[in-house]
Amino acid sequence: MARKPHRADEAHHRPEPQHRRARVEVEFDEQTVLGTLFGQFDTNLVHIENRLGVYISARGNRVLIEGPDDAVARAREVLKGMHQRLLSGQELDSGAVESLIAMSVEPTLEGIITGAPGGAPPIMIRTRKKTIIPRSPTQIDYMKALISHDVIFALGPAGTGKTYLAVAQAVAQLISGSVQRLILSRPAVEAGERLGFLPGDMKEKVDPYLRPLYDALYDCMPPEQVERRIASGEIEIAPIAFMRGRTLADAFVILDEAQNTTPAQMKMFLTRFGQNSRMVICGDPKQVDLPGGVGASGLNDAVQRLEGVEGIATVRFKTADVVRHPIVGRIVEAYEGKDA
């Protein structure tokens, strides 16, 4: 079925060519997923057109792409990536399309976008509930670091997948038996508001601070398994103060919201490292909620001291790496621009 231009006057408003013009036809063998690939009223194709400055027309299982040669090449790889994602059973929402467009900027990412032989991307995290593939160039570097380094600092704005990917990798290693415990921690610091007295026992008092970690866990494991492993001690979720005096061996340890630690707390946490363990420290250096007078952020202090130390990796996410709804990235960018 031929696709009409999404605006009646589109033919008169196509981007002016700045490079050599190209015209490429892509043919898809598996047609059952094309409706989802194109999107309702061809919204996915329109989005690619608007983002890359190309013109796309579809007839049956053939898609014609026209425009500047580099943009046409990117659009072709994005469409292939979308098709491969659907064939492998992955969801294809607007965030996934935007991520494939962002990754297409990097020419070295062809294997990630189009999929390796057999349809499996070369970098992935498998958990009981889902298979996770990178959705931005920096996520690729991060997922590699989660495998190859002992201590990883993940820095950057909200929505870039810092904590989520760390939890997913930790769950994968716990399931495979390469670690015996999963320890998730956060500093119990109020995010710019006074919460007052919280009733209940110690667990009930600190759980509100740790809720995002629970959410990530439940997204990677069935709820009954999460509860069973928490009860057995295989999964521990606790404030950073509970780490004092311990040696964390055979464990995957994650510290979230690390920008809200003091230098003394960060030193204490890092020196808990034990045999056959991995530590991931996640935080946004621009979102420090420490009360006035406490001093510098322990995250910033640790990165300055430890960057370049053997076995330690630092991965810096940017606004362009935000993988939540695209408007989140624009919000972060607007705030950072105002504060700069």
Side-chain angles (χ1 to χ4, degrees), residues 122-134 138-156 160-187 210 212-217 219-221 225-226 229-230 232-240 242-259 261 265-284 298-299 301-303 305-317:
I123 301 175
M124 66 178 68
I125 300 173
R126 293 186 183 274
T127 69
R128 287 281 166 82
K129 292 184 70 174
K130 59 176 61 178
T131 297
I132 299 163
I133 61 174
T138 310
Q139 282 195 0
I140 296 171
D141 296 334
Y142 185 39
M143 291 169 72
K144 289 179 179 178
L146 289 172
I147 299 171
S148 60
H149 287 74
D150 296 323
V151 178
I152 303 99
F153 287 96
L155 315 177
T160 50
K162 304 184 300 296
T163 303
Y164 185 84
L165 290 177
V167 171
Q169 181 64 33
V171 168
Q173 291 196 213
L174 182 65
I175 292 171
S176 70
S178 56
V179 297
Q180 302 303 311
R181 293 184 295 165
L182 170 51
I183 300 174
L184 309 176
S185 185
R186 293 182 81 180
L210 306 172
L213 298 176
Y214 284 103
D215 292 342
L217 270 178
D219 204 41
C220 295
M221 296 179 72
Q225 287 197 24
V226 174
R229 291 177 185 266
I230 289 176
S232 69
E234 292 177 86
I235 297 177
E236 179 182 349
I237 306 177
I240 189 173
F242 284 47
M243 302 298 112
R244 190 174 300 278
R246 303 174 60 183
T247 299
L248 307 177
D250 294 308
F252 198 114
V253 189
I254 301 171
L255 176 61
D256 193 28
E257 297 293 334
Q259 74 274 7
T261 60
Q265 286 177 320
M266 180 61 74
K267 180 183 177 182
M268 177 274 292
F269 180 81
L270 291 170
T271 53
R272 303 306 93 200
F273 193 89
Q275 294 294 326
N276 189 37
S277 289
R278 178 159 291 138
M279 276 189 174
V280 184
I281 297 95
C282 307
D284 182 357
L299 176 62
D301 179 70
V303 170
R305 293 175 185 272
L306 300 176
E307 191 152 22
V309 173
E310 184 178 354
I312 297 178
T314 301
V315 180
R316 290 180 169 85
F317 291 88

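Each residue takes its place number in the sequence, starting with 1.
Looking only at distances, a side-chain donor or acceptor of S148 sits under 3.5 Å from a matching main-chain atom of K144. Q139 places a side-chain N or O within 3.5 Å of a backbone atom of T160 that can act as its donor or acceptor partner. A donor-acceptor pair under 3.5 Å is absent between the side-chain atoms of S277 and the main chain of F252, judged by distance alone.
With hydrogens and angles left out, the side-chain atoms of R278 and Q169 include no donor and acceptor closer than 3.5 Å.
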side-chain contact (heavy atoms from CB on, under 4.5 Å) assessment of I240 paired with M268: CA-CA 9 Å; I240 189 173; M268 177 274 292; 4.0 Å; yes
D215 and D219: CA distance, side-chain angles, deciding distance, side-chain contact (heavy atoms from CB on, under 4.5 Å) verdict: CA-CA 6 Å; D215 292 342; D219 204 41; over 6 Å; no
Trace of the side-chain contact (heavy atoms from CB on, under 4.5 Å) decision for L217 with R229: CA-CA 11 Å; L217 270 178; R229 291 177 185 266; over 6 Å; no
Trace of the side-chain contact (heavy atoms from CB on, under 4.5 Å) decision for I183 with M243: CA-CA 10 Å; I183 300 174; M243 302 298 112; 4.0 Å; yes
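Taking the ring-ring contact (aromatic ring centres under 6.0 Å, His included) definition, one finds that F317 meets it with Y142, sequence neighbours left out. Residues satisfying the side-chain hydrogen bond (donor to acceptor under 3.5 Å, both in side chains) criterion with R181, sequence neighbours excluded, are absent altogether.
Here the shortest heavy-atom pairing between F273 and T247 reads O-CG2, 4.5 Å. Summarising the geometry of L174 relative to L182, their closest heavy-atom pair is CD2-CB, 4.2 Å, with the distance given to 0.1 Å. In plain terms, the two heavy atoms of G156 and D284 that are nearest each other are O-CB, 3.2 Å. The nearest pair of heavy atoms linking N276 to V179 is O-CG1, 4.3 Å. A pairwise comparison of heavy atoms in I254 and A170 identifies CD1-CB, 4.1 Å as the closest pair. Across every non-hydrogen atom of M266 and T261, the tightest pair is CE-OG1, 3.5 Å.
Rounding to the nearest 0.5 angstrom, the gap separating the CG atom in L306 from the CD1 atom in I312 is 4.5 Å. Note that CG of L155 and OG1 of T314 are 6.0 Å apart. Values are rounded to the nearest 0.5 Å. With rounding to the nearest 0.5 Å, the separation of OG1 in T271 from CG in L248 is 9.5 Å. To the nearest 0.5 Å, the span separating CZ on R316 from OG1 on T138 amounts to 11.5 Å. One finds the OG atom of S185 at 11.5 Å from the CD atom of E257 (value rounded to the nearest 0.5 Å). A distance of 14.5 Å separates NZ of K162 from CD1 of I152, quoted to the nearest 0.5 Å.
Residues Q225 and I175 are not in side-chain contact: their nearest non-hydrogen atoms beyond the backbone lie 4.5 Å or more apart. Using a 4.5 Å heavy-atom threshold, the side chains of L184 and D256 count as separate. Residues F153 and E307 fail the side-chain proximity criterion, which asks for heavy atoms closer than 4.5 Å. Counting heavy atoms from C-beta outward, I125 and Y164 have side chains that stay 4.5 Å or more apart.
In R246, the CZ atom is crowded: over 12 heavy atoms of neighbouring residues, nucleotides or ligands sit closer than 6.0 Å.
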